[in-house]
Amino acid sequence: MKLSKIYDPREMNSYQFVAATGFVMTLVAHIILMLIGKSIENFMALYACWTVFFILGAIANYNSKPGDHDHHHHH
């Protein structure tokens with residue numbers, strides 16, 4: 001299992017990239033809302049959505065056709 005597929009943008013598939021970007025944007029929006037003292041109902045649900053989206057993307061990434069480079073273990 002290559003963990004770099006989870007944290008390295010070059011190893012991510014498009015689903016993971018969109019989810020990671022969405023998560024960061026949600027976090028930034030959340031910080032801005034806290035700074036201006038506003039709160040949105042169900043805002044936390046966005047984090048759950050992005051997380052699920054990312055996990056599904058990661059599963060799809062791991063199940064994608066493994067190339068020869070996957071057989072070499074990097075230490």
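No hydrogens, no waters, no symmetry mates; every other heavy atom, side chains included, goes into these values.
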Between the main-chain N or O of Asn13 and the side-chain N or O of Gln16, is there a donor-acceptor pair closer than 3.5 Å? yes

Side-chain donor-acceptor contacts of residues 44-55 below 3.5 Å, not counting sequence neighbours, with atom names and distances?
from, atom 1, to, atom 2, distance (Å)
Tyr47, OH, His30, ND1, 2.7
Trp50, NE1, Gly22, O, 3.3
Trp50, NE1, Thr26, OG1, 2.8
Thr51, OG1, Tyr47, O, 2.7

Considering the options Leu35, Leu33, Val28, which one meets the side-chain contact (heavy atoms from CB on, under 4.5 Å) requirement together with Ile31? Leu35

With Asn42 via side-chain hydrogen bond (donor to acceptor under 3.5 Å, both in side chains) - residues at least two apart: none

Side-chain heavy atoms under 4.5 angstrom apart, residues restricted to Ile, Leu, Val, Met, Phe, Trp, Tyr: same cluster for Ile32 and Phe43? no

Quick one: list whatever passes ring-ring contact (aromatic ring centres under 6.0 Å, His included) with Phe17, sequence neighbours left out. none

Kindly give the heavy-atom pair with the smallest separation between Lys5 and Ser64, and that separation in Å. NZ-OG, 4.2 Å

